[in-house]
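In this chain, numbering begins with 1 at the start of the sequence shown.
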Amino acid sequence: MGEKIRIGIVGYGNLGRGVALAVPQNPDMELVGIFTRRAPADIDAPEKSTPILPVDALTDRRDDVDVLILCGGSKDDLPEQGPALAAHFNTVDSFDTHARIPEYFAAVDAPARAGGRTALISTGWDPGMFSLNRLYGEALLPDGETYTFWGKGLSQGHSDAVRRVPGVAAGVQYTVPSQEAIDAVRSGRRPELSTREKHRRECYVVLEEGADAAEVEKAIVTMPHYFADYDTEVHFISAVELRRDHGAMPHGGFVIRSGNTGGGHAQVVEYRLQLESNPEFTASVLVAFARAVHRLNAQGQVGAKTVFDVPPGLLSARSPEQLRAELL
């Protein structure tokens, strides 16, 4: 094996910690730095020898990092960090605001091209692996419909929305797909399903002292964009129960393509994820695509990229010869 791919992490929340755990699982990679806005002394990396550095130190590390994995949030961090860092580093990120992906791609593409860098945006499991499987399904079965189901899993965005309701001390929200809807899709019938028919939402809420449970429940179930279009259940629990029973971050879901081939035969293609840790799996996807980004840049392919632009073989640590002999 040649020289290892040198990986840097920007941001050290749940996703950054997942990347720090994933890199050592890949024998062709090494973690050369965690770059954070927090005090470096407050960071506890899995491997004590990993350098912990302030984000400002990145300007002096351009020659020490092959790929930066950006682990900030899509709302505020990545729109600023993505374009700025892609001018100087090869990058991978998990920007997941679907409606703004074209805009974000353009913002990252120009500086990456100018700097001769390769920047892969919006990877993880959705967008990312689910995106690929939506593409495969449509390409293989052009006469068909694609269905995406999420869950059962803890939604971080919806949980945050619950916690912002007046009277809520703490809480989490789970997205739960309808088994009836999934079964209908798997049957090949291509049902038309409303938002409410595909998913329901379960909230587990700790009330502030003196809060009115009925008012809190009403505020949650009528919240536009988050809960109003769904059947939503609100369960009031204690802080002890919340810590004991709802501290993990499971997630997952399905992408199903239901269609007909030329002879009129029904065909169903399904991709499923069942994740015990959403951030750790997302991190593992980012790390695999970091390998691909390093290889694409070595080939002279610069600018912004998405998962649709990456040949699958570039994700693997195996050589093309090994892939043909062992996986084909």
Side-chain angles (χ1 to χ4, degrees), residues 1-7 18-19 21-31 66-67 69 90-94 118-149 185-186 188 251-278 280-328:
M1 184 177 293
E3 293 185 2
K4 291 188 176 184
I5 302 169
R6 300 168 298 173
I7 302 294
V19 172
L21 291 168
V23 170
Q25 293 184 308
N26 294 268
D28 60 336
M29 296 184 177
E30 61 178 332
L31 182 57
D66 294 315
V67 184
I69 299 181
N90 299 323
T91 62
V92 177
D93 70 52
S94 60
T118 307
L120 190 124
I121 71 161
S122 299
T123 194
W125 62 272
D126 197 1
M129 300 308 298
F130 273 19
S131 311
L132 285 171
N133 282 276
R134 285 189 283 264
L135 183 150
Y136 286 141
E138 291 186 8
L140 300 177
L141 294 172
D143 175 15
E145 295 290 338
T146 300
Y147 302 84
T148 302
F149 295 92
V185 171
R186 285 174 174 162
H251 220 314
F254 310 81
V255 174
I256 303 174
R257 180 70 174 181
S258 176
N260 292 331
T261 43
H265 292 96
Q267 322 281 11
V268 178
V269 180
E270 179 175 334
Y271 177 74
R272 178 190 183 197
L273 290 177
Q274 184 174 336
L275 310 176
E276 191 171 291
S277 171
N278 177 359
E280 284 190 18
F281 182 79
T282 301
S284 295
V285 179
L286 292 173
V287 169
F289 276 93
R291 177 183 293 112
V293 161
H294 180 64
R295 292 171 171 176
L296 287 172
N297 190 258
Q299 296 171 3
Q301 297 194 42
V302 301
K305 306 291 180 186
T306 74
V307 294
F308 301 137
D309 304 311
V310 178
L314 295 187
L315 299 174
S316 175
R318 306 188 199 204
S319 69
E321 293 78 14
Q322 288 175 310
L323 291 175
R324 288 191 292 270
E326 298 168 15
L327 294 188
L328 195 57

> So, does Thr118 use its side chain to make a donor-acceptor pair with the main chain of Asn90 at under 3.5 Å?
Replying inline: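 No: the side chain of Thr118 does not pair with the backbone of Asn90.
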
> For Pro312, does its backbone N or O pair with a side-chain atom of Ser316 as donor and acceptor, under 3.5 Å?
Replying inline: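 Side chain of Ser316 to backbone of Pro312, a donor-acceptor pair under 3.5 Å: no, none is there.
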
> Closest heavy-atom contact between Ala283 and Val19?
Replying inline: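 Nearest heavy atoms, Ala283 then Val19: CB-N, 3.3 Å.
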
Taking the side chain as every heavy atom from C-beta outward, state whether [X] and [Y] have any pair of such atoms under 4.5 Å apart.
{"X": "Leu323", "Y": "Leu328", "answer": "no"}
{"X": "Leu315", "Y": "Phe289", "answer": "yes"}
{"X": "Thr91", "Y": "Val293", "answer": "no"}
{"X": "Leu135", "Y": "Phe308", "answer": "yes"}

>> The test is side chain to side chain contact (heavy atoms under 4.5 Å, CB included); show your working for Leu141 and Val269 and say whether it passes.
In response: CA-CA 9 Å; Leu141 294 172; Val269 180; 4.0 Å; yes

>> Can you confirm whether more than 12 heavy atoms, excluding those of Gln274, are under 6.0 Å from its CD atom?
In response: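 Atom CD in Gln274 is not packed in, count stays at 12 or less.
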
>> Strictly by salt bridge (Lys or Arg N to Asp or Glu O under 4.0 Å), give each pair with a member in residues 297-323 just once, sequence neighbours left out.
In response: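 Sorted pair list: Arg318-Glu326, Glu321-Arg324.
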
Excluding sequence neighbours, so at least two apart, what forms side chain to side chain donor-acceptor pair (under 3.5 Å) with [X]?
{"X": "Arg291", "result": "Asn26, Asp28"}
{"X": "Thr146", "result": "Arg257"}
{"X": "Glu138", "result": "none"}
{"X": "Glu30", "result": "none"}

>> Once salt bridge (Lys or Arg N to Asp or Glu O under 4.0 Å) is applied, do any residues pair with Arg272, and if so which ones, sequence neighbours excluded?
In response: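 For Arg272, no residue satisfies salt bridge (Lys or Arg N to Asp or Glu O under 4.0 Å) once neighbours in sequence are set aside.
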
Please set out all donor-acceptor pairs under 3.5 angstrom arising from side-chain atoms of residues 120-130, sequence neighbours excluded.
unit_1, atom_1, unit_2, atom_2, d
Ser122, OG, Phe95, O, 2.9
Trp125, NE1, Asn278, OD1, 2.9
Asp126, OD1, Arg134, NH2, 2.7
Asp126, OD2, Arg134, NH1, 3.4
Asp126, OD2, Trp150, NE1, 2.8

Residues 258-265 side chain polar contacts: donor-acceptor under 3.5 Å, at least two apart:
unit_1, atom_1, unit_2, atom_2, d
Thr261, OG1, His265, O, 3.4
Thr261, OG1, Gln267, NE2, 2.9

Nearest 0.5 Å, what's the [atom1]-[atom2] distance between [X] and [Y]?
{"X": "Gln301", "Y": "Arg295", "atom1": "CD", "atom2": "CZ", "value": "13.0 Å"}
{"X": "Tyr271", "Y": "Tyr136", "atom1": "OH", "atom2": "OH", "value": "10.5 Å"}
{"X": "Ile256", "Y": "Glu145", "atom1": "CD1", "atom2": "CD", "value": "13.0 Å"}
{"X": "Ser277", "Y": "His251", "atom1": "OG", "atom2": "NE2", "value": "12.0 Å"}
{"X": "Leu314", "Y": "Gln299", "atom1": "CG", "atom2": "CD", "value": "5.5 Å"}

> Got a sec, which residues hit side-chain contact (heavy atoms from CB on, under 4.5 Å) with Ala290, two or more places apart in sequence or on another chain?
Replying inline: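 With neighbours one apart ignored, the set is Ile7, Val67, Ile69, Val92.
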
> Partners of Phe149 by ring pair (Phe, Tyr, Trp, His ring centres under 6.0 Å), sequence neighbours excluded?
Replying inline: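 Scan of Phe149 (ring pair (Phe, Tyr, Trp, His ring centres under 6.0 Å), adjacent residues dropped) gives His199.
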
